[in-house]
**Q** 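Right, I'll just put the structure down here and ask away after.
This one's a predicted model, so the numbers in the text were calculated from it and none came from an experiment. In the text below, chain A, chain B and the rest are named by the order of the sequence lines, each starting its count at 1.
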2 protein chains.
Amino acid sequence: MPEERHDPGAAALGGRLRRLSDRIDREAKTLYEAYDTPFEQRWLPTFNALRGGDALSVQDLADRLGVSHVSVSVTRTALEKAGLIQSAPDGKDGRRRVLTLTDQGKALSQQLAPLFDALNEAAIALNAEAGDAIATLARLEAALDRESLSQRVTAILQAGETEKDQD
Amino acid sequence: MPEERHDPGAAALGGRLRRLSDRIDREAKTLYEAYDTPFEQRWLPTFNALRGGDALSVQDLADRLGVSHVSVSVTRTALEKAGLIQSAPDGKDGRRRVLTLTDQGKALSQQLAPLFDALNEAAIALNAEAGDAIATLARLEAALDRESLSQRVTAILQAGETEKDQD
DNA sequence: GACATATCTGTAACCGATTACATAAATAGC
DNA sequence: GCTATTTATGTAATCGGTTACAGATATGTC
């Protein structure tokens, strides 16, 4: 493990999270390559959500996946280009388009189902070995929801000012 | 919390790690802005390592920080351009350059020291509130070191094939 | 009906990492 | 000394997110 003890912790934590994320994404990518499918890691959450059969909009997916609509929009473009999904205007709301899997997408969904199941199992095992990483991340997110990093640091800095004034 | 239950877990985990990382980076960035210094989040690990006073090379820093030499190289360029560090040829090895803080860098280091300390304290608090996120991340990294995601998924897929053959 | 505000989607630019590759220098082996 | 291999650094492209902004459409208020 590299030496990070003296790093301002928030940066070290952020970097560590990113590198772990990158690592998982890279390793997942090698699996799609082994399956001989030009599947991209960023497609997975959107593709998987549409596998359920519902027609969903970009914003629906963004809400459901917890990412920005931009992230979903870019993914939609790529999935459509790959022929895996199609989009059609929403009958009721001219702003919206609804996305569904194409026949090709459904075929790929079936082909990759074992891989997706295995990814899930592997994640469950990893989560357990790490000591419930998912719960820990949820608590970290909740802690930041309660009081953002900026607020915490500002409070600490102000406490330091107050201590100085009182000395 | 967005609905991720049905997502192939490894992608969900990777995405979650990334979004948390992005969030921490963004929030840290607002703090530098509040300090009225054009400091960039990606500079921090390298800048902080050089604050110790040692002259270090790109590769030294990469090893120490656990990132690729490219990441450090790009950061070195930016820090040098900002006038915060300087680089000089290593007397003994023509391939290497050694990096040190400039006077301006030292001055900024002193100016931002309270902010860096506060970031550290905030990280310690967040880590505790999350239930030792750092230890959990370390176990997750160690689990992946022992057996990569690819290996785990491949093993699961092969077990599934074996079960099918035996049925 | 007109206007202001909100929502949906798409594009551009950015962020902090990576891999691939190229060039220069050092090292090892003969 | 020569050659092959390794190491150090830098550049380009890529990845998977983000914010900012623009245009189109829907909604709410008067």
**Q** Search all heavy atoms of Pro89(A) against all heavy atoms of Val98(A) and return the closest pair with its distance.
**A** O-CG2, 4.4 Å

**Q** Write down the atom of Ile156(A), the atom of Ala118(B), and the distance for their closest heavy-atom approach.
**A** CD1-O, 3.6 Å

**Q** In terms of side-chain heavy atoms of Ser57(B), which of dA26(C), dA26(D), dT9(D) is nearest?
**A** dT9(D)

**Q** Rounded to whole angstrom units, what separation is found between the CD atom of Glu80(A) and the P atom of dG10(C)?
**A** 8 Å

**Q** In whole Å, I'd like the distance from the NZ atom of Lys92(B) to the P atom of dA8(D).
**A** 14 Å

**Q** Roughly how many Å is it from CG in Asp63(B) to C1' in dT7(D), rounded to a whole number?
**A** 11 Å

**Q** Side chains of Ser150(B) and Thr30(A) only: does a donor on one sit below 3.5 Å from an acceptor on the other?
**A** yes

**Q** Rounded to whole angstrom units, what separation is found between the CG atom of Leu17(A) and the P atom of dG17(D)?
**A** 14 Å

**Q** For a salt bridge (Lys or Arg N to Asp or Glu O under 4.0 Å) check, start with the C-alpha distance between Glu121(A) and Arg152(B), then their side-chain angles and the critical distance, and finish with the verdict.
**A** CA-CA 9 Å; Glu121(A) 274 192 60; Arg152(B) 289 164 186 268; over 6 Å; no

**Q** I'd like to know if Val70(A) and Leu61(A) are part of one continuous hydrophobic network [Ile/Leu/Val/Met/Phe/Trp/Tyr, side-chain heavy atoms within less than 4.5 Å].
**A** no

**Q** Checking only heavy atoms, does the side chain of Arg95(A) share a donor-acceptor pair with the base of dT7(C) at less than 3.5 Å?
**A** yes

**Q** To the nearest angstrom, how far is Gln59(B) atom CD from dA25(C) atom C1'?
**A** 15 Å

**Q** Rounded to whole Å, how long is the line connecting atom CZ of Arg76(A) with atom P of dG17(D)?
**A** 17 Å

**Q** Need one value for Arg97(B): base, sugar-phosphate or nothing, where a base atom within 4.0 Å counts as base even if backbone is also close, heavy atoms only.
**A** sugar-phosphate

**Q** Measure the distance from CG on Leu99(A) to C1' on dC8(C) and round it to the nearest whole Å.
**A** 12 Å

**Q** In B/S/- notation, 5' to 3', how is nucleotides 15-21 of chain C contacted by protein heavy atoms closer than 4.0 Å?
**A** -BSBBB-

**Q** Under a plain distance cut-off of 3.5 Å, with no hydrogens placed, do Tyr32(B) and Gln41(B) share a side-chain donor-acceptor pair?
**A** yes

**Q** Take atom CD of Glu27(A) and atom P of dG16(D), then tell me their distance rounded to the nearest Å.
**A** 14 Å

**Q** Does the side chain of Thr100(B) come under 3.5 Å of the side chain of Gln86(B) through a donor N or O and an acceptor N or O?
**A** yes

